[in-house]
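All values derive from a computational prediction rather than experimental measurement.
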Amino acid sequence: MAFRQLLKTLEVDRAVAYAVAARGWQVLAGPVTMLLIARFLPQETQGYFYTFGSVLTLQMFFELGLQTVLVNLVAHEWAHLKLEPNGTISGDALAGSRLASLLKFVDRWYSICALMFVVVTGVSGFYFFRSHNSDIEWQAPWWCLTVLTGLSLRLIPRMALLEGCHQMRAVNAVRFWQGVCGNAAVWTAIACHAGLWTAVVSGAVRLAFETWLVEVRFRQLRRGVQALAGEHPISWRDEIWPLQWRIALQGLGYWAANNLFNPLMFQYHGAVVAGQMGMTLTLITAIQTAGAAWLSTRVPVFSELVSKRRFAELDRLLKRLTLVSLGFTAVAAAGVLLGIVGLQAIAPKLADRLLPVGPTAVLFGGALVIQILTPQAYNVRAHRIDPFCLLATIAYSATGCAGWYWGSKNGPLGAALAHLLTLGLCYLPPHTWIWWRVRRELQVDAEDDVMKS
């Protein structure tokens, strides 16, 4: 009973537990992967391995922030619907009609995005990697991984449908087992000297689990939504685009600020440094995402509370979740830094596959800043607005430019300092001020509406 009470205090439900477990598994599996990479992959191959992943994040240039908008829109409509045991959808007819039309629209959107991604990113990446003379056979793995990523991109709207329909427990459970099986497959591939084909194996496992989830496990839910009459379509221009273009601009800036590290190091400092940066960022990202799991799994809940005008409950929930998220990230970051110090003393060759403690600590500082910004954005976006567009675009663009300049001249430490300073000094203060002002205005307007009614 005491343990259950502790979990309740920490806002840990099954969805959060699976999400944290998935990231916790990544943190635990990370050292095994590092050992195998250090044993079987040359440092130059390691650089290609991680830079592949960074370049493939260009997918956000094609979906243009629609995934974030989609989860919120689905949650708003699903608040008035439910799935019956026989697979049909019951509830408000208007909400069902709007949800069906939304799914039809985004299915077409992502089909086009996936095709464009494979062609444009595949060709761009091919010429980027070809500009570096190397004996490594990277061409075939690159094209295979690009196609697999495009197929996963095609499944995003159906994954977002599940998240918005309050199926986060099932989604995160599959992601946990996807991570476990993916790591096992990657370890086997590395040990079998698969080289860069290891990345292809990882992408194939991810696609297999996502396909099973949306096409087998929740086929009834998807077909139930598709069977609804789409007589009341959601207006893309009026209801999606006003928020989508703002999130898209911020996403592109976020990409420039956070995903340029590996290509930047690859271009100016070689594949070896890019490999160190990539492995370190993998650890940091796993911890950062695990910390954000308390928030990301509650996005449908935030939207539902807004839909029902329960703003005080939303504020209390966000405050608790933010404190837990920050605390988890800070403790985990300290553990990683101590681990690097230990590796430098007892296994210097393995420690050489990671960045030194200094740049790693600075990168963690930037991660903590992002953990503060995230709940503020979730809070406001639950109202289907986004007042951060201009600020985020300027701040992230400045971060990317500063990272490019300092990183090209001073290596990983320069890029990390640029990231932390620009986010902490130029973005966090005004972002917090805008969030506080808009939050108060929204609540006052809602109270006025209640009094008038």
Next on the checklist: Please find the pair of heavy atoms, one from Tyr110 and one from Gln67, that lie closest to each other, and give the distance.
Outcome noted: OH-N, 3.2 Å

Next on the checklist: Side chains of Thr121 and Gln59 only: does a donor on one sit below 3.5 Å from an acceptor on the other?
Outcome noted: no

Item to check | Trp212 vs Val174, side chain to side chain contact (heavy atoms under 4.5 Å, CB included): CA-CA, chis, key distance, verdict | outcome: CA-CA 9 Å; Trp212 176 85; Val174 166; 3.8 Å; yes

Checklist entry - Donor-acceptor pair, Ser101 side chain versus Arg98 backbone, under 3.5 Å? => result yes

Next on the checklist: As an exercise, state the distance from CG of Leu373 to CG of Leu423, rounded to the nearest 0.5 Å.
Outcome noted: 7.0 Å

Checklist entry - How far apart are the C-alpha atoms of Cys192 and Thr188, what are their side-chain angles, what is the distance that settles it, and do they pass the side chain to side chain contact (heavy atoms under 4.5 Å, CB included) test? => result CA-CA 6 Å; Cys192 292; Thr188 302; 4.2 Å; yes

Item to check | Under 3.5 Å: donor-acceptor pair, side chain of Thr322, backbone of Leu318 | outcome: yes

Next on the checklist: Other residues, nucleotides and ligands only: do more than 12 of their heavy atoms fall within 6.0 Å of CZ on Arg437?
Outcome noted: yes

Checklist entry - Can you check whether Leu155 reaches Leu213 side chain to side chain, under 4.5 Å on heavy atoms? => result no

Checklist entry - Yes or no on side chain to side chain contact (heavy atoms under 4.5 Å, CB included) for Gln167 and Leu221, after CA distance, side-chain angles and deciding distance? => result CA-CA 10 Å; Gln167 301 300 328; Leu221 174 60; 4.3 Å; yes

Item to check | Gln276 side chain near Pro412 side chain, heavy-atom distance below 4.5 Å | outcome: no

Checklist entry - So Tyr427 and Tyr396, would you call those rings parallel, tilted or perpendicular, with 30° and 60° as cut-offs? => result perpendicular

Item to check | Minimum-distance pair of heavy atoms, taken over all atoms of Pro387 and Val380 | outcome: CD-CG1, 3.3 Å

Checklist outcome for this item: Taking every heavy atom of Gly203 against every heavy atom of Leu148, the minimum-distance pair comes out as C-CD1, 4.0 Å

Next on the checklist: For a ring pair (Phe, Tyr, Trp, His ring centres under 6.0 Å) check, start with the C-alpha distance between Phe328 and Trp294, then their side-chain angles and the critical distance, and finish with the verdict.
Outcome noted: CA-CA 10 Å; Phe328 174 88; Trp294 275 270; 5.5 Å; yes

Checklist entry - Should the pair Phe126 and Trp138 be assigned to parallel (<30°), tilted (30 to 60°) or perpendicular (>60°) ring geometry? => result tilted

Checklist entry - Given side chains that start at C-beta, do those of Ile372 and His431 come closer than 4.5 Å, heavy atoms only? => result no

Item to check | Non-hydrogen side-chain atoms of Trp25 and Val180 separated by less than 4.5 Å | outcome: yes

Next on the checklist: Keeping Thr45 on the side-chain end and Leu41 on the backbone end, is there a donor-acceptor pair under 3.5 Å?
Outcome noted: no

Checklist entry - So Phe128 and Phe266, would you call those rings parallel, tilted or perpendicular, with 30° and 60° as cut-offs? => result tilted

Checklist entry - Hey, does the side chain of Thr329 reach the backbone of Gln288 with a donor-acceptor pair shorter than 3.5 angstrom? => result no

Next on the checklist: Main chain of Ala286, side chain of Thr289: is a donor-acceptor contact present, judged purely on distance under 3.5 Å?
Outcome noted: no

Checklist entry - With side chains defined as the heavy atoms from C-beta onward, is the minimum distance between Pro375 and Leu321 less than 4.5 Å? => result no

Checklist entry - Hey, is the main chain of Tyr48 close enough, under 3.5 Å, to the side chain of Thr51 for a donor-acceptor pair? => result no

Checklist entry - Which pair of non-hydrogen atoms, one from Phe49 and one from Ala199, has the smallest distance, and what is that distance? => result CE1-N, 3.8 Å

Checklist entry - Any side-chain heavy-atom pair from Met116 and Val119 closer than 4.5 angstrom? => result no

Next on the checklist: Measuring from atom CE of Met159 to atom OG of Ser152, what distance do you get when rounded to the nearest 0.5 angstrom?
Outcome noted: 9.0 Å

Checklist entry - How far does CD1 of Ile284 sit from OG1 of Thr360, to the nearest 0.5 angstrom? => result 6.0 Å

Checklist entry - If you measure from CZ on Arg217 to OG1 on Thr211, what distance do you get to the nearest 0.5 Å? => result 15.5 Å

Next on the checklist: Just verifying a value: how many Å separate Gln267 CD and Asn262 CG, rounded to the nearest 0.5 Å?
Outcome noted: 13.0 Å

Checklist entry - Taking side chain as C-beta onward, heavy atoms only, is Val336 less than 4.5 Å from Ile340? => result yes

Checklist entry - Stepwise, does the salt bridge (Lys or Arg N to Asp or Glu O under 4.0 Å) test hold for Arg175 with Glu163? => result CA-CA 12 Å; Arg175 285 173 177 164; Glu163 294 181 27; 3.0 Å; yes

Item to check | Exercise: identify the closest heavy-atom pair between Leu350 and Ala38 | outcome: CD1-CB, 4.0 Å

Checklist entry - Looking only at heavy atoms, which two atoms of Leu337 and Ala361 are closest? And how far apart? => result CD2-N, 3.7 Å

Checklist entry - For the atom pair CE (Met277) and OG (Ser54), what is the distance rounded to the nearest 0.5 Å? => result 9.5 Å

Item to check | Audit row: Leu363, Phe261, side chain to side chain contact (heavy atoms under 4.5 Å, CB included) steps and yes/no | outcome: CA-CA 11 Å; Leu363 287 171; Phe261 287 118; 4.1 Å; yes

Item to check | Ring-ring centroid check Trp177 Phe209, cutoff 6.0 Å | outcome: no

Checklist entry - So do the side chains of Leu161 and Leu99 get within less than 4.5 Å of each other, counting heavy atoms only? => result yes

Next on the checklist: Is the ring pair Phe52/Phe129 parallel, tilted or perpendicular, if the boundaries are 30 and 60 degrees?
Outcome noted: perpendicular

Item to check | Any donor-acceptor N/O pair, His419 side chain to Ala402 backbone, under 3.5 Å | outcome: no

Item to check | Parallel, tilted or perpendicular: rings of Phe117 and Phe62 (30°, 60°) | outcome: perpendicular

Next on the checklist: Looking at Gly122, is its backbone amide N or carbonyl O close enough to the side chain of Trp142 to form a donor-acceptor pair, meaning the two atoms are under 3.5 Å apart?
Outcome noted: yes

Next on the checklist: Assess whether a salt bridge exists between Arg222 and Glu215, defined as any Lys/Arg side-chain N lying under 4.0 Å from an Asp/Glu carboxylate O.
Outcome noted: yes

Checklist entry - Between the main-chain N or O of Gly195 and the side-chain N or O of Thr198, is there a donor-acceptor pair closer than 3.5 Å? => result yes

Checklist entry - Taking the side chain from Gln46 and the backbone from Gly275, do they hold a donor-acceptor pair closer than 3.5 Å? => result yes

